[in-house]
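Report on the structure given below.
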Amino acid sequence: MRIEEKIGVLLRDKGHTLSVAESCTGGRISHLLTTVSGSSSYYLGSVTSYAVSVKEAVLGVPEEIIRSQGVVSAAVAAAMAEGVRRLTGSTFSVATTGLAEGGDGRYPEGSVWIAASGPRGTKTLFFRSEGGRRANIRNFARAALCFLFEYVKEEENIDNKNIKQKSYI
């Protein structure tokens, strides 16, 4: 089973929803998610915010974070994930911001920050790929989906533990 199908099973089983904010992946994550039959039952949509102005105006990423941390940063990825969750009302979200091609003096080509957000907060992951633009985009999308899958699984395990603890009281 492909990772996007596994994510679908997790979300569908619990009645959760998902949204995506993409920059350097340019819509590839959304494309992969929508290749799964029935994904419309949990996948709400995405914002492909390639331009900084869209990150700020649509996703609500504070200009100060971009100025102080850089557009390729954990803080921007987190703000993107939180912004798309607010915008769509989804239970979970995943976001990417990075450099599929060329470096920026701080990060080399093939660098991406990924953020996953849900009811209990937001987590980030730094990932590197060395495959050229097209391969980097593919690898970034796959890494984001794997990170999201683990994040949602962890959230569900916390839920299950809390339910079991409450039942013993």
Look at the side chain of [X] and the backbone N and O of [Y], then say whether any donor-acceptor pair between them is shorter than 3.5 Å.
X	Y	value
Glu101	Gly132	no
Glu5	Arg2	yes
Thr97	Val71	yes
Glu109	Leu99	no
Thr88	Ser90	yes
Arg85	Thr91	yes

Could you check whether [Y] and [X], counting side-chain N and O atoms only, form a donor-acceptor pair closer than 3.5 Å?
X	Y	answer
Ser19	Ser93	no
Glu82	Thr122	yes
Ser117	Tyr151	no

| query | Which of these passes side-chain contact (heavy atoms from CB on, under 4.5 Å) with Thr96: Val20, Ile114, Val72? | reply |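 Considering Val20, Ile114, Val72, a side-chain contact (heavy atoms from CB on, under 4.5 Å) with Thr96 is found only for Ile114.
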Using 30° and 60° as the class boundaries, would you call the ring planes of Trp113 and Phe126 parallel, tilted or perpendicular?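 Judged by the thresholds at 30° and 60°, the geometry between Trp113 and Phe126 is tilted.
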Check whether any side-chain heavy atom of Val84 sits under 4.5 Å from a side-chain heavy atom of Met80, and report yes or no.
->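 SC-SC contact between Val84 and Met80 ruled out.
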Item to check | Residues which pass side chain to side chain donor-acceptor pair (under 3.5 Å) with Thr34, listed by chain and number, not counting sequence neighbours | outcome: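 Listed in chain order: nothing, the list is empty.
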- So Glu22 and Ser46, side-chain hydrogen bond (donor to acceptor under 3.5 Å, both in side chains) or not? Walk me through it. CA-CA 7 Å; Glu22 299 186 65; Ser46 68; 4.9 Å; no
Quick one: pull up CZ in Arg12 and OG in Ser39 and give me the separation to the nearest 0.5 Å.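 Interatomic distance, Arg12 CZ to Ser39 OG, rounded to 0.5 Å: 8.0 Å.
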* How long is the gap from CZ on Phe149 to CG on Leu11, to the nearest 0.5 Å? ->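 Between Phe149 CZ and Leu11 CG, I get 10.0 Å after rounding to 0.5 Å.
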Item to complete: Please identify each residue that fulfils salt bridge (charged side-chain N to carboxylate O under 4.0 Å, His left out) with Arg67, with sequence neighbours left out.
Response: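 Applying salt bridge (charged side-chain N to carboxylate O under 4.0 Å, His left out) to Arg67 gives Glu63, Glu64.
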Using a strict 4.0 Å threshold on nitrogen-to-oxygen distance, state whether Glu130 and Arg128 make a salt bridge.
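Yes, Glu130 and Arg128 are salt-bridged.
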Any Lys/Arg nitrogen of Glu155 or Arg120 sitting under 4.0 Å from an Asp/Glu carboxylate oxygen of the other?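 Between Arg120 and Glu155 there is a salt bridge, with a charged N closer than 4.0 Å to a carboxylate O.
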Ring center gap for His16 and Phe92 short of 6.0 angstrom: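 When the ring centroids of His16 and Phe92 are compared, they turn out to be within the sub-6.0 Å range.
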